[in-house]
Q: 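Below you will find the structure I want to go over with you.
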Amino acid sequence: MKKRTHKCNEVSKDLIGKDISITGWIRRRRDHGGVIFFDVRDETGLVQVVYNPELKEIFGLAESCRNEFVIYSKGKVRERPEGTVNKNLISGEVEIEATELTILNTSLPLPFQLDEHSSVGEETRLKFRFLDLRRDEMQSNLRLRAKVSQVLREFLNHNDYIEIETPLLTKATPEGARDYVVPSRTFPGSFFALPQSPQLFKQTLMASGFERYYQFAKCFRDEDLRADRQPEFTQLDIESSFVDASEIINLVTEMIKTVFKESLDIDLGDFPVLSYSDAIELYGIDKPDLRNPLTFIEVKDLFKDSDFKVFSEPANDEESRIAALSVPKGETLTRKQIDDYTDFVGNYGAKGLAYIRVEDPSKGKEGLQSPIIKFIDDEIINKLLTVLDSKKGDIIFFGAGKRNIVNDSLAALRNLLGKDLDLLESDWAPCWVVDFPMFEKNNKGELTPLHHPFTAPRGSIDELKADPLNALTDAYDVVLNGTELGGGSVRIHDHEMQKVVLSLLGINEEQAEEKFGFLTSALQHGCPPHAGLAIGFDRMIMLMTNSESIRDVIAFPKTQTASCLLTDAPGEASNEQLDELHIKFHGLEKEKK
RNA sequence: GGACCGGUAGUUCAGUUUGGUUAGAACGCCGCCCUGUCACGGCGGAGGUCGCGAGUUCGAGUCUCGUCCGGUCCGCCA
């Protein structure tokens, strides 16, 4: 193959008069009849090559070239004629006057245009992913991804962390999601599970004396997909021995700041820390977007004696809350928009969306406009306006009802209002959320871990047993712009404590032994205290590239039904394969080939 | 499991509300012309299983039902 002497972006004024050669794709061909221009693209950028009719042979060849042909071309670098400099190109002051042209490969016409001026549906993009990845946006996303992983590795290596790989073919563990399962040929009827995270392995490595571990770990969860969720994804997994929560938090804060600084030249500033309970109280969610200045204000007490049942019932119910969101610029919202918001909070179980428009707060009730105002006493209204410090033009939204419904619906509304009314006050707002409860109750009334069953509760075993629902942990989530970037905790290293936590979750010793005896055994053989965290690497890149979807930062992602449009995976297994794996279909006729 | 949006030329879309002649546009593609363009330009041309299947109707891209595919969200994802 003919070798290039330079890459496209290296062609500059310094090379004027020199004979050089380049290789790349014809991004665009402009044929003027008497002169032909190619914009040639390689991984560095674009350069213009000019073909003149004096050199009949290569001119003819150039006429036969089409977009996305792969070529080698040689020629003399020269300054562009006056008035033809292209300031949009790094190499735009010069061009190559071609003396040689070789077509290294041709290309069929593309199924879609690669330039930034045309839009393409995602289905087509995914089907021809190899072409989609040629586009500038995808190139820069994946290149940033590589850069970020490099900075993270350097940071962790520099802090004496070492990377250790853990198996993908492993055993189902008591983690929350549905497992991807792989049949065993050698053990009929037995299955491997792909890891949902390397959690148990990294704790085991702590018992093994690798005091500082990290890994870019592929994780698999067979759950329904979202714009920010893929069935296989990458975690930056970190664990360290002899450290407490603050040391992990400090390390990871520094790490994330370093990555943003070195990859994007962004200074993230301080990472405020707020407790789980404050986060829920103020934002209704454990991953608040702190770019948004709106906070919930609890107004339950005001309505204890109100005649307005919609409010007085939750006001007198232990499990309910009444939260108000006082929104500046709310006057611009139309009736239609408010109706849409009402439908929107309905998705989260809210039965309605009460609101008050504040037209002139000095006039008290007369200065307000709202369908609920006639049900509320003047005295309560006045207190409300004072508590909320209401100003002309505000609109106040209320969530009243069961805590989780109010929290979920109003938290989602808060995010939507932030976007619709352009309320966000900064580009980046990181924070830590700490002091998570150990357990919560699921809808069956059973205890489930908020984090996972290997998170260490604070306090003693006796305290935990006495009041498990009020036990707090040293778990911590790092949140950026309303996205959970990562989370972790101090782990249980005491065998007795681990037994108690598992028993509270309804897992007896025998079951624990069968599922992850290796961990309980490790805990009994000198496992040091340890703590760690995992970062959602794809989500982090999604934020850093300002992408709408996690699919835009993954080279070969799956669709919402977890299929791959490029490879057409998943596919059928042959009868031979199924026989070897001792698998038969029931209730599903396998198509005969 | 549920709600909603979309599927028409290679691509992005219009046309669907109110059923009616031969389904349009732009970009791309093909041909011819063009010596300074850079999203080149001009002229001409080809290109359609209106996702699929039933149904209603004299007649369906358009209405009804079902189904498949893509997407957003709820549930789910410790």
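Lettering follows sequence order; numbering is per chain, from 1.
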Q: Respond yes when some side-chain nitrogen or oxygen of A:R30 is under 4.0 Å from OP1 or OP2 of B:rC40, and no when none is.
A: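 Looking at the OP1 and OP2 atoms of B:rC40, one of them is under 4.0 Å from a side-chain N or O of A:R30.
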
Q: Rounded to whole angstrom, note down the C1' distance from B:rU16 over to B:rG20.
A: 14 Å

Q: Classify the side chain of A:R29 and the base of B:rU37 as holding, or not holding, a donor-acceptor pair under 3.5 Å.
A: no

Q: Given atom CG of A:L450 and atom P of B:rC77, what is their separation to the nearest angstrom?
A: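 After rounding, the reported distance stands at 12 Å.
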
Q: Given the C1' atoms of B:rU8 and B:rC13, what is the spacing between them in whole Å?
A: 9 Å

Q: Using a 4.0 Å heavy-atom cut-off to protein, can you give one letter per nucleotide of nucleotides 69-76 of chain B, 5' to 3': B if the base is in contact, S if only the sugar-phosphate is, - if neither?
A: SSBBSBBB

Q: For atom C1', what is the distance between B:rG75 and B:rA60, given to the nearest Å?
A: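 Looking at atom C1' only, B:rG75 and B:rA60 are 38 Å apart.
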
Q: Considering only residues two or more places apart or on different chains, which pairs with a residue in residues 409-418 of chain A satisfy side-chain hydrogen bond (donor to acceptor under 3.5 Å, both in side chains)?
A: none

Q: Before we go on, tell me: are the rings of A:Y51 and A:F59 under 6.0 Å apart, centre to centre?
A: no

Q: When the nearest nucleotide of RNA chain B is assigned to A:E440 and to A:E82 on a heavy-atom basis, which residue is associated with the more 5' position?
A: A:E82

Q: Can you tell me, in whole Å, how much space there is between the C1' of B:rC29 and that of B:rA9?
A: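 Result for the C1' pair: 11 Å, nearest Å.
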
Q: Less than 3.5 Å between a donor and an acceptor, one on the side chain of A:Q113 and one on the base of B:rU12, is that the case here?
A: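 Side chain to base: no pair present.
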
Q: Taking the C1' atom in each of B:rA14 and B:rG6, what is the distance between them to the nearest angstrom?
A: 15 Å

Q: For residues 553-567 of chain A, pull every pair meeting salt bridge (Lys or Arg N to Asp or Glu O under 4.0 Å), keeping only residues two or more places apart or in separate chains.
A: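 Those involving residues 553-567 of chain A are A:E232-A:K558.
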
Q: Which whole number of Å gives the distance between the C1' atom of B:rG10 and that of B:rC73?
A: 32 Å

